[in-house]
Each structure stands twice: as C-alpha cells, then as structure tokens.
**Q** 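Take this structure first; my questions come after.
All heavy atoms count here, side chains included; hydrogens, waters and symmetry mates do not. Below, chain A is the first sequence line, B the second, and so on; all start at residue 1.
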Amino acid sequence: MTKRVPSTHVPTNAARRRAFRENLLAWYDANRRNMPWRNTSDPYRIWLSEVMLQQTRVDQAEPYYRRFAARFPTVERLAAASLDDVLACWEGLGYYSRARNLHKAARRIVETFGGRLPDEEEAIRSLPGVGPYTAAAVLSIAYGKALPALDGNAIRVLARVFRVAEDATRAGTRNQLRDLAADLMDSARPGAFNQAVMELGANVCKPAAPRCEACPLRPVCAAAEAGDQTAFPVTPPRKKTPHFDVAVAIVFDDAGRLLVCKRPEEAMLGGLWEFPGGKRKPGETLEAACRRAVRKKWNVDVETRGLARRIDHAYTHFRITMHAFRASIAAGAPRAPADRAFMWADRAELQTLAFSRTGRLLVEFLSLEQAQKSGE
DNA sequence: GAGACGTGGGG
DNA sequence: TCCCCAAGTCT
C-alpha cells in the first residue's frame with residue numbers, strides 16, 4: 001500500500017541493524033539526561049511531556065512541565081479545570097492549540113476511557129492533539145509497545161545513517177523512514193530505543209555541526225562515511241515571512257483598570273487575552289488603524305494620545321510590529337459581539353490572565369511604568 | 001499536500 | 001538583524 005520510493009540508502013542487513021541498535025542503546029544508557037518525565041511511569045505525565053515537547057526544546061519545556069504537573073497532577077484534575085486556567089499555565093510555551101487539545105482530550109479520557117489514557121493505538125490516536133508521533137512515543141514509553149516514534153530527530157538520524165536522498169518532508173519518504181525505524185527497533189526496550197534516537201539527534205547528530213566523532217552510530221553511518229552528513233535530511237527551501245503592522249489601544253477606566261479582550265478559541269492564540277486593536281491596512285495611518293479596529297470589534301470610538309511602546313515579534317509564518325497607543329474612550333462604552341469577550345482588568349487580574357508574548361510584554365511595561373509613577 | 005500554528009536559542 | 005530550527009498536529 002505504501003508506494004516504494006527509489007532510494008540511495010545503504011541496504012540493511014542483520015549485522016548492521018544489530019550494531020545500530022546495540023551501539024545506540026549502550027550510548028543512551030551511559031549518556032541519557034535526567035528529565036522529570038523520565039522519573040515516572042504515569043502515562044498521563046508521559047503524554048503531557050510528549051505534547052509539551054512537540055516542536056519545543058527540552059530546556060524550554062521542562063519548567064512548564066514541572067508547573068503543569070504540579071498544578072494538574074492527574075487527568076481528572078486537568079479535566080475538571082477551566083480552559084482559562086490551563087492556558088494561563090501554558091502561557092509563553094506557544095502552540096496553544098496543544099493546551100486546548102490537551103484539555104479537551106483529558107475530558108474525553110475521563111468521560112469515555114474511565115480516566116485512563118488508552119493503551120491502544122486507534123483509541124489514543126482518536127484524542128485531539130495526538131498524532132502518529134505522540135501515539136508511538138506514549139505507547140512505547142508508557143506501555144512498552146514496539147512502535148517507532150518518528151520526530152524531527154529520528155528523521156535526521158535515519159536520513160544520515162542511510163543517506164536518504166529524497167525530500168524528507170514527503171509522505172512517501174516518511175513511510176520509508178518509518179519502515180526503516182521499525183526494522184531497527186529494539187522490541188525489548190522500545191521506549192528506550194525511541195528516546196535514544198531523539199536524544200542522539202538532539203545532542204550529537206545535530207542539524208548543523210553534528211558531533212560525528214562522539215557518535216555511537218559512526219561505524220554504521222553512510223553519510224559520515226561519505227563526509228556529507230549535513231546534506232541530510234533533504235528538505236525544500238522555505239519561503240520568507242511577510243511583515244504586518246498592528247495597532248493596539250491602551251485604555252484605562254476611571255478605576256485604573258485596563259481594557260483587555262479575549263481572542264476567539266479557533267483563532268491563532270485562541271483563548272488568550274490581548275489589547276484591543278488590529279492590523280493596519282494599506283495606506284492607513286497607525287492611529288487610524290487603531291481607531292478603526294477597536295470600533296469594528298468593540299463598537300466604541302477611541303481617541304489616541306500618542307505611542308507608548310513598539311514591540312517587534314516573529315511568529316512562525318509572519319512577523320509583526322505592534323504599535324501600542326495610549327487611548328481613551330471618546331463616547332459610549334465597549335460592547336462585545338456574541339462570540340467575543342472583553343473585561344476591565346485590575347493589576348491582580350492581569351497577572352492571572354493568559355496573554356501571548358507581546359501582550360505580556362506590554363502588561364509588564366505598563367505595570368513598571370505605573371510602579372515608577374506611584375513611587376515618585 | 002500545503003499552510004497554519006509560538007517562542008526562544010544559536011550561528 | 002536575520003535565518004534556522006525544535007520530541008508535530010490539524011485542516
């Protein structure tokens with residue numbers, strides 16, 4: 001059913017596979033880093049760690065994992081929590097659909113799986129946010145099932161060891177690599193095998209400047225043999241990202257509370273709070289864009305009184321400059337459309353709400369400014 | 001299948 | 001400053 005792609009990789013034989021497996025696991029046993037999710041056998045925590053580690057470095061995920069696991073120690077506690085609390089705990093980690101899906105999946109686990117993370121591939125894959133990688137990782141690590149977990153590290157390691165010349169982003173190539181991994185897998189220690197490949201990819205077989213001299217797979221690596229390891233994996237060039245100007249309003253009420261708005265759940269940064277405003281259109285001034293966007297979304301006229309702060313930020317597929325204007329309500333009061341929400345937040349509430357990076361930076365800027373003012 | 005989806009670190 | 005990229009999934 002999988003179409004075979006012609007490949008340049010070296011043919012495997014039993015001795016080669018055995019060397020790969022044994023060298024790798026011996027290296028892993030001697031070099032594995034201590035991580036909090038490696039000191040538990042709780043499937044919930046292993047699942048949590050795998051979700052946090054999606055497209056995220058170990059160093060970045062680790063403090064979040066500790067806080068999250070302490071705050072929501074069981075799947076029942078997670079299911080019982082509000083999405084707002086879950087997002088607040090996730091703030092700053094990015095890819096917030098992971099948090100929304102994790103929360104949704106926890107509720108489904110409690111409702112339909114009796115509070116236990118499923119140990120069957122089909123069932124676990126049915127949970128939102130669990131794809132082929134996460135299913136294989138959790139099933140191998142938590143339940144000892146011999147499924148290869150193919151993440152970016154595994155793809156790079158295998159593409160180099162076998163000098164896979166086809167575009168590694170293509171499905172056919174992925175299938176080829178997955179079959180290779182399945183062949184190599186140590187069925188006695190599938191969880192250790194999967195983690196070993198990833199750990200090797202993260203610390204030795206790195207994207208740039210791989211440390212081949214320290215690599216246990218050097219004796220079986222075709223790319224190291226040819227001296228062209230950095231040519232693999234083969235991926236198409238990426239496009240450069242566009243830039244947008246965003247104008248937002250800083251509006252305080254008489255009680256010194258700040259006007260903040262909640263983003264719709266399906267949107268980018270869905271469920272997070274932000275300052276009212278929007279993207280500038282061609283030919284528009286920043287102040288006009290600010291007034292127009294606030295008027296359109298919140299049915300209220302504001303007047304701007306000068307720029308308070310500019311923040312540059314890069315997302316995955318575009319960049320923005322956020323221009324934050326001090327502003328006040330010109331007439332009336334904000335009104336939320338049916339599917340949206342806003343609030344006037346005091347200092348304590350601003351600490352509790354989940355903001356994106358730019359929003360949090362602006363909140364911190366304003367509270368620092370306020371502290372200086374009141375300190376004088 | 002291609003593009004959306006965050007953030008921070010490193011070269 | 002810029003570009004790359006990191007334990008992917010969803011649409």
Side-chain angles (χ1 to χ4, degrees), chain A residues 28 32-33 35-38 46-65 87 90-102 104-105 124-141 148-157 167-175 178 181 191 193-203 205-210 230 233 235-243 263 265-272 274 311-321 354-361:
Chain A
Y28 181 65
R32 71 197 284 265
R33 290 174 292 174
M35 300 172 191
W37 48 86
R38 288 187 176 161
I46 290 165
W47 168 47
L48 171 63
S49 73
E50 289 304 337
V51 173
M52 284 192 166
L53 287 165
Q54 288 168 10
Q55 298 286 284
T56 306
R57 289 188 174 78
V58 166
D59 290 344
Q60 195 191 354
E62 186 167 334
Y64 282 89
Y65 172 87
L87 285 171
W90 203 273
E91 183 192 298
L93 193 55
Y95 285 130
Y96 298 94
S97 67
R98 293 184 295 174
R100 299 193 298 269
N101 285 334
L102 193 70
K104 199 178 300 174
I124 200 169
R125 280 283 274 112
S126 75
L127 297 169
V130 178
Y133 163 77
T134 304
V138 172
L139 291 174
S140 65
I141 298 168
L150 228 58
D151 74 326
N153 290 306
I155 287 166
R156 185 170 57 258
V157 170
D167 180 348
T169 64
R170 288 194 51 252
T173 314
R174 296 288 174 115
N175 288 334
R178 183 206 55 209
F193 178 88
N194 281 331
Q195 293 181 85
V197 175
M198 296 190 276
E199 187 114 334
L200 187 78
N203 295 325
C205 194
K206 299 188 284 188
T230 52
T235 56
R238 61 178 69 176
K239 300 168 183 172
K240 63 180 230 176
T241 58
H243 174 272
R263 295 181 58 82
E265 240 183 68
E266 335 70 58
M268 180 182 183
L269 305 170
L272 273 62
E274 66 180 358
I311 297 171
D312 288 309
H313 190 68
Y315 294 98
T316 308
H317 55 297
F318 62 91
R319 296 170 297 120
I320 65 161
T321 301
F355 282 91
S356 73
R357 178 84 182 118
T358 55
R360 181 55 70 191
L361 282 173

**Q** Ignoring hydrogens and geometry, is there a side-chain-to-backbone donor-acceptor pair from Arg178(A) to Leu150(A) under 3.5 Å?
**A**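 Looks like no, no N/O pair under 3.5 Å.
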**Q** Quick one: Tyr315(A) OH to dG8(B) P, roughly how many Å, whole number?
**A**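 Value for this atom pair: 11 Å.
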**Q** CD1 of Ile311(A) versus P of dG6(B): gap in Å, rounded?
**A**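 Whole-Å distance recorded here is 18 Å.
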**Q** Please state whether the base of dG8(C) and the side chain of Thr134(A) form at least one donor-acceptor pair under 3.5 Å?
**A**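 Under the 3.5 Å cut-off, the side chain and the base do not form any donor-acceptor pair.
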**Q** Reckon Lys239(A) touches a base, only the sugar-phosphate, or nothing at all at heavy-atom distances under 4.0 Å?
**A** sugar-phosphate
**Q** Would you say the side chain of Thr56(A) and the base of dG6(B) hold a donor-acceptor pair, judged only by whether the two atoms sit under 3.5 Å apart?
**A** yes
**Q** Please report, rounded to the nearest Å, how far the P atom of dC3(C) is from the CZ atom of Phe318(A).
**A**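 It is 16 Å, rounded to the nearest whole Å.
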**Q** Is the phosphate of dT7(B), meaning OP1 or OP2, less than 4.0 Å from a side-chain N or O of Tyr64(A)?
**A**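 Result: no.
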**Q** Taking the nucleotide of DNA chain B with the nearest heavy atom to each, does Ala208(A) or Phe355(A) sit closer to the 5' end?
**A**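 Its nucleotide being nearer the 5' end, the pick is Phe355(A).
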**Q** For dC5(B), does either OP1 or OP2 sit under 4.0 Å from a side-chain N or O belonging to His317(A)?
**A** yes
**Q** Pick base, sugar-phosphate or nothing for Ala209(A), based on heavy-atom distances below 4.0 Å to the nucleic acid.
**A** nothing
**Q** Under 4.0 Å between a side-chain N or O of His313(A) and OP1 or OP2 of dT7(B)?
**A** yes
**Q** Using a 4.0 Å heavy-atom cut-off, does Leu93(A) contact any base of the nucleic acid, only the sugar-phosphate backbone, or nothing at all?
**A** base
**Q** Under 4.0 Å, heavy atoms only, any strand: does Arg57(A) hit a base, just the sugar-phosphate, or nothing?
**A**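 Base, at least one base heavy atom under 4.0 Å.
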**Q** Checking all strands, does Gly92(A) fall into the base, sugar-phosphate, or nothing category for heavy-atom contacts under 4.0 angstrom?
**A** sugar-phosphate
**Q** Under 4.0 Å, heavy atoms only, any strand: does Arg156(A) hit a base, just the sugar-phosphate, or nothing?
**A**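 Sugar-phosphate, backbone atoms only, no base.
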**Q** Expressed as a whole number of angstroms, how long is the span from Asn101(A):CG to dT11(C):C1'?
**A** 12 Å
**Q** Counting side-chain heavy atoms from CB outward, which of dC10(C), dG8(C), dC5(B) is closest to Thr316(A)?
**A**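 That would be dC5(B).
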**Q** Base, sugar-phosphate, or nothing: which does Val51(A) touch, judged by heavy atoms less than 4.0 Å apart?
**A** nothing
**Q** Go through the side-chain N and O atoms of Gln195(A) and Arg38(A) and say whether any donor and acceptor fall under 3.5 Å apart.
**A** yes
**Q** For Arg38(A), report the nucleic acid contact type (base, sugar-phosphate, nothing); a contact means any heavy atom under 4.0 Å.
**A**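 Base: the residue Arg38(A), judged by heavy atoms under 4.0 Å, touches a nucleobase.
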**Q** Record whether the side chain of Tyr95(A) comes under 3.5 Å of the base of dG6(B) through a donor-acceptor pair of N or O atoms.
**A**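 Side chain to base: pair present.
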**Q** Under a 4.5 Å cut-off applied to non-hydrogen side-chain atoms, are Arg33(A) and Asn203(A) in contact?
**A**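 Result yes, sub-4.5 Å side-chain heavy-atom pair found.
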**Q** For the P atoms, the ones on dC5(B) and on dC2(C), what distance do you get once it is rounded to whole angstrom?
**A** 22 Å
**Q** Below the 4.0 Å mark, does dG8(C) have OP1 or OP2 next to a side-chain nitrogen or oxygen of Gln55(A)?
**A**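 Looking at the OP1 and OP2 atoms of dG8(C), one of them is under 4.0 Å from a side-chain N or O of Gln55(A).
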**Q** Does a salt bridge link Arg32(A) with Glu199(A), judged by any charged N lying under 4.0 Å from a carboxylate O?
**A** no
**Q** Let's see if you can work this out: which of dG1(B), dG8(B), dG6(B) has an atom nearest to the side-chain heavy atoms of Arg98(A)?
**A** dG6(B)
**Q** Take the protein atom CE of Met268(A) and the nucleotide atom P of dG3(B), then report the distance between them rounded to whole Å.
**A**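 Distance, rounded to whole Å: 17 Å.
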**Q** Side chains of Tyr133(A) and Gln54(A): donor-acceptor distance under 3.5 Å anywhere?
**A**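 No, no side-chain donor-acceptor contact under 3.5 Å.
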**Q** Go through Ser356(A) and Glu274(A) one step at a time and tell me if the side-chain hydrogen bond (donor to acceptor under 3.5 Å, both in side chains) criterion holds.
**A** CA-CA 7 Å; Ser356(A) 73; Glu274(A) 66 180 358; over 6 Å; no
**Q** Have a look at Thr169(A) and say if it touches a base, only the backbone sugar-phosphate, or nothing, with a 4.0 Å heavy-atom cut-off.
**A** nothing
**Q** When the nearest nucleotide of DNA chain C is assigned to Gln60(A) and to Pro132(A) on a heavy-atom basis, which residue is associated with the more 5' position?
**A** Gln60(A)
**Q** With rounding to the closest Å, how many angstrom separate the P atoms on dT9(C) and dG8(B)?
**A**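 These two P atoms come out 22 Å apart once rounded.
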**Q** Tell me whether the OP1 or OP2 atom of dC5(C) has a side-chain N or O from Arg238(A) closer than 4.0 Å.
**A**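 So the side chain of Arg238(A) is within the cut-off, an N or O lying under 4.0 Å from OP1 or OP2 of dC5(C).
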**Q** Charged N to carboxylate O below 4.0 Å: is that the case for Glu265(A) and Arg100(A)?
**A**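 Result for this pair is no, no salt bridge flagged.
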